[in-house]
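Quick notes on the structure that follows.
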Amino acid sequence: MTTQSITIQVKFFASLRESLGMSQINLTVPVESTVEMLLKEIQDTYGRDNPLIDIRHVHVAVNQQLVEFDQMIEQDDEIAIFPPITGG
Amino acid sequence: MTTQSITIQVKFFASLRESLGMSQINLTVPVESTVEMLLKEIQDTYGRDNPLIDIRHVHVAVNQQLVEFDQMIEQDDEIAIFPPITGG
Amino acid sequence: MHSVRVQEEDFSIHAEWKACHERLGGKAGAVVSFVGLVRERSNTGNVSRLYLEHYPGMTETSIEQIVAKAQQRWSLFDVIVIHRVGELQPEDQIVLVIVASAHRADAFAACEFIMDFLKTEAFFWKKETGDEEAVWIEPTLNDTYRREKWQK
Amino acid sequence: MHSVRVQEEDFSIHAEWKACHERLGGKAGAVVSFVGLVRERSNTGNVSRLYLEHYPGMTETSIEQIVAKAQQRWSLFDVIVIHRVGELQPEDQIVLVIVASAHRADAFAACEFIMDFLKTEAFFWKKETGDEEAVWIEPTLNDTYRREKWQK
């Protein structure tokens, strides 16, 4: 069994962008990673003192489409993570 | 018993104005006339061939206030008779 | 704060909106405007001209009363109603209603309320000239229905 | 026919309304416009600045989808949505929605529908600066309620 990895682009918006101190990052994750796995990875790496990226509070878009957290991530995906929207 | 009379101003609007061929007339009516009596008087005098002034279809304002047909008319009243409104 | 005008001249949404915005300062969060235009086709066919008659004095009073009802019912910072009379033609502006409020729900409701009552309680009479003859318009049941739903 | 723009620059109601009117010809009888303004006081206190963030591309798509839903539901001749982003201050214009239709019921409903969905389904995030600190705004239950009533 070989372990492959894929590269993705992750964008953060609003309070999440500010609290993580970055608006965009390129990450390498194992193939067959889900959105939920990515969120945990980001929280472990960047958000230890920061509950903001709690999966109960964020929304995720893959290639500009809102997705559920069991969505599989693919090579070159554009992943966006953000708090609830407050438009108008 | 003395019979007195009062003078009033009567205005007509829209289809009524056109069909009667006048927009305004001064009339003399007996004291204690009601709006209904006035309407019948006008229909008898000007509207014999013209069902437009039918009291079932017109509205009446006395001194720019909509009134019921049993309203008593007084000296110098401004009476307006018109079809249903179609604004906006 | 409100302003009611009945006039033959056309109106400028821009000028009214600008004046409204300046009066508002930073209080209002929502401004809803309605503009009614003469349509080239009505329920009865083509329209080449529209004549609007009013009862000077009483017409303005009837609009003032409608605006007062809206101001009692919703929290409004400014209401502007301009209604044209006289000879109009397709594409012409007939009526402008601008309502400013803190929140959009009040502004939308009040603007629609004012229009529904203008159609049924303001003293105007419309005469349409089509391809051939000119006819005085009858009130529609739909307009009456729309007014009555506000009483529920 | 519709137009959706997300931009930092201010917009002119006059210019948008004029362009809309010219495109319409004599078909439309009703044009409803909504303008959202920055209020000097919000639910949380005084507001000195408002920052609006968006997700370029996805935000425009989300608005296009809202407009398409409105166009499926009502008979509309023209829809214009302009939403500003970036740094704003009290009295500034945030959002413009113009809806043109044959009859006022469609135009009012569609304009309010678009605003209710802009508040809940368009990708914007608001940060308010008050007397002291800046806070990211939380969505309100009222906005969610207003959107959900359209599903009934």
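A note on names: the letters A, B, ... follow the listed sequences, proteins ahead of strands, and every chain is numbered from 1. Computed from a predicted model, the values in this text were never measured in an experiment.
- For residues 78-102 of chain D, the pairs satisfying salt bridge (Lys or Arg N to Asp or Glu O under 4.0 Å) are Asp10(D)-Arg84(D), Arg23(D)-Asp78(D), Arg49(D)-Glu87(D), with sequence neighbours left out.
- Interatomic distance, Ile13(D) CD1 to Ser33(C) OG, rounded to the nearest 0.5 Å: 6.5 Å.
- Gln89(C) does not touch chain D: none of its heavy atoms, backbone or side chain, sits under 4.5 Å away.
- Residue pairs meeting the side chain to side chain donor-acceptor pair (under 3.5 Å) criterion with at least one partner in residues 98-115 of chain C, sequence neighbours excluded, are Arg104(C)-Asp116(D), Arg104(C)-Asp143(D), Glu112(C)-Arg146(C).
- Every pair passing ring-ring contact (aromatic ring centres under 6.0 Å, His included) that includes a residue from residues 7-37 of chain D is listed here, sequence neighbours excluded: His14(C)-His14(D), Phe108(C)-Phe34(D), Trp17(D)-His21(D).
- Residue Ala107(D) does not touch chain C at all, counting heavy-atom pairs closer than 4.5 Å.
- In this structure, the separation between CG on Leu24(D) and CD on Glu40(C) is 10.5 Å, given to the nearest 0.5 Å.
- For residues 54-63 of chain D, a heavy-atom distance under 4.5 Å to chain C picks out no residue at all.
- With a 6.0 Å radius and a threshold of 12 heavy atoms from other residues, nucleotides or ligands, Glu138(C) has its CD atom at or below the threshold.
- Residue contact with chain D, scored on non-hydrogen atoms closer than 4.5 Å, involves the backbone of Val38(C) exclusively.
- Contacts of Ala100(C) with chain D are absent, with no heavy-atom separation under 4.5 Å from either backbone or side chain.
- Ala102(C) touches chain D through backbone and side chain together, each having a heavy atom under 4.5 Å away.
- Ranked by non-hydrogen atom pairs under 4.5 Å with chain C, the options Leu37(D), Val32(D), Ile98(D), Val99(D) are led by Leu37(D).
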